[in-house]
K.L.:
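Sending over a structure as structure tokens; questions will come in a sec.
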Amino acid sequence: MDTRAERLAAIVLRTVAYGDSDVIAHLLVRGRGRVSAFARGARSSRRRFGGALEPFQLVEVLLAERSGQELWILREAAVAEAYAGVREDLHRIAHAGYAAELAHELSRPAEPADELFALVTEFLHRLATGPATSARLRALELRALAAAGLSPELSACARCGSAVPWGKAAFDAGAGGLACGRCAHPGALLLTAGARAALAQLQRVGLSAADTPLSADGSGRPADPRAFEEACAQAARPLAAFLLHHLGRTPRSAGFAQQVGAPP
Ligand SMILES: [Zn+2]
């Protein structure tokens, strides 16, 4: 028996068809965190669900928690923001899928994650109104990691704490970030000076810096957008290694993004 139902804002992370007409929806819910919910008749009832249970949409849901049960009951859902632009090309679909998977992996069942919720809605909004970029992906990764308390160390050596001179540097995912010349393992991944500066800016500022980056020289002038994007693409592998270290596996959606040739 479910008790009280509440109207809440949620992002649809993914859905799984169940039986002939039901759906299990995996949601990131404002104020509640990650919730899996059973939507009876979701594939047959236009009145209660009307196309709302599509991935990467912001929806208003009527949700009932069941005490002691992981699967909640989803009574109704309505689209609040479809982010239609996200579905206009495969690169954007791939990036949205990656964002949804990252949000799923970096949240816990029924543990509020409002910083992550705000991040993913901002990411989808920006993705719906512009092309898929590596810069936004790096900002998403860094801020999602920060929201989960897992920020990589980008200013000093993650092993010994000593300063890492400006310029290219080793990145040790297992140690938690940059590694100084003494601590770096042979064969460690490298961050170019540009990639390092780009990540530091994105970690500090967030998604807005991905769309309007500033020059790394401290002048306050805009950065060259193409050079910034290239630096962010170069930082994909080190951050992927960092995520793999914490998640224990490579996100499935990263493979799809690669297949369709989306920016890494
Ligand atoms: Zn060190």
K.L.:
Closest heavy-atom contact between D172 and R159?
P.N.:
OD2-NH2, 3.1 Å
K.L.:
Hey, is the main chain of A77 close enough, under 3.5 Å, to the side chain of R48 for a donor-acceptor pair?
P.N.:
no
K.L.:
Looking at T133 and P263, what are the two nearest heavy atoms and their distance?
P.N.:
C-CB, 4.2 Å
K.L.:
Locate the shortest heavy-atom distance separating A169 from R196; write the atom from each residue and the value.
P.N.:
CB-NH1, 3.9 Å
K.L.:
So does A148 get a backbone contact from the side chain of E115, meaning a donor-acceptor N/O pair under 3.5 Å?
P.N.:
no
K.L.:
Return the CZ to CZ distance between F38 and R75, rounded to the nearest 0.5 Å.
P.N.:
13.5 Å
K.L.:
Going only through I, L, V, M, F, W and Y residues with side-chain contacts under 4.5 Å, is there a path from Y98 to L27?
P.N.:
no
K.L.:
Is the closest basic N to carboxylate O distance between R126 and D211 below 4.0 Å?
P.N.:
yes
K.L.:
Nearest 0.5 angstrom please: R40 CZ to I24 CD1, how far?
P.N.:
11.0 Å
K.L.:
Please check: side-chain N/O of E229 versus main-chain N/O of S134, any donor-acceptor pairing under 3.5 Å?
P.N.:
yes
K.L.:
So does R32 pair up with E6, basic N to acidic O under 4.0 Å?
P.N.:
yes
K.L.:
Any side-chain to backbone donor/acceptor pair from S219 onto S215? Under 3.5 Å, distance only.
P.N.:
no
K.L.:
Does a donor on one side chain sit under 3.5 Å from an acceptor on the other, for Y83 and E54?
P.N.:
no
K.L.:
Which atom pair, heavy atoms only, marks the closest approach of A82 to R87?
P.N.:
O-NH1, 2.9 Å
K.L.:
Taking all atoms of both residues into account, what is the closest heavy-atom pair of L74 and A37, and its distance?
P.N.:
CB-CB, 3.8 Å
K.L.:
Enter the distance from T121:OG1 to I11:CD1 here, rounded to the nearest 0.5 Å.
P.N.:
5.0 Å
K.L.:
Indicate yes or no: does E76 engage R46 in a salt bridge with an N to O separation below 4.0 Å.
P.N.:
no
K.L.:
If you round to the nearest 0.5 Å, how far is NE2 of H26 from NE2 of H104?
P.N.:
5.5 Å
K.L.:
Report yes if the side chains of R136 and F123 come closer than 4.5 Å at any heavy-atom pair, otherwise no.
P.N.:
yes
K.L.:
Tell me whether L150 is reachable from F117 by hopping between hydrophobic residues (I, L, V, M, F, W, Y) whose side-chain heavy atoms are closer than 4.5 Å.
P.N.:
yes
K.L.:
Cluster question for you: counting only ILVMFWY and a side-chain heavy-atom cut-off of under 4.5 Å, with indirect links fine, are V120 and L145 together?
P.N.:
yes
K.L.:
Membership question, hydrophobic clusters at under 4.5 Å side-chain separation (ILVMFWY): are L119 and L199 in the same one?
P.N.:
yes
K.L.:
Does R34 pair with E111 as a salt bridge, N-O distance under 4.0 Å?
P.N.:
no
K.L.:
Do Q234 side-chain atoms and L191 backbone N/O form a donor-acceptor pair below 3.5 Å?
P.N.:
no
K.L.:
According to a hydrophobic-cluster definition based on side-chain heavy atoms being under 4.5 Å apart (Ile, Leu, Val, Met, Phe, Trp, Tyr only), do L8 and L53 belong together?
P.N.:
yes
K.L.:
Backbone N or O of S155 within a donor-acceptor pair of the E153 side chain at under 3.5 Å?
P.N.:
yes
K.L.:
What verdict does the salt bridge (charged side-chain N to carboxylate O under 4.0 Å, His left out) test give for E101 and R249, after you've listed the backbone C-alpha separation in whole Å, the side-chain angles of each residue and the deciding distance to 0.1 Å?
P.N.:
CA-CA 12 Å; E101 189 174 359; R249 62 178 192 81; 3.2 Å; yes
K.L.:
Hey, does S44 have a side-chain heavy atom less than 4.5 Å from the side chain of F49?
P.N.:
no
K.L.:
Hey, are R138 and E141 close enough for a salt bridge, meaning a charged N less than 4.0 Å from a carboxylate O?
P.N.:
yes
K.L.:
List the atom of G31, the atom of D114, and the distance in Å for their closest heavy-atom pair.
P.N.:
N-OD1, 2.7 Å
K.L.:
Under 4.0 Å between a Lys/Arg side-chain N and an Asp/Glu carboxylate O for R226 and E230?
P.N.:
no
K.L.:
In Å, rounded to the nearest 0.5 Å, how long is the span from CG of D22 to OG of S45?
P.N.:
11.0 Å
K.L.:
Between CZ of F242 and OG of S151, what distance do you get to the nearest 0.5 Å?
P.N.:
7.5 Å
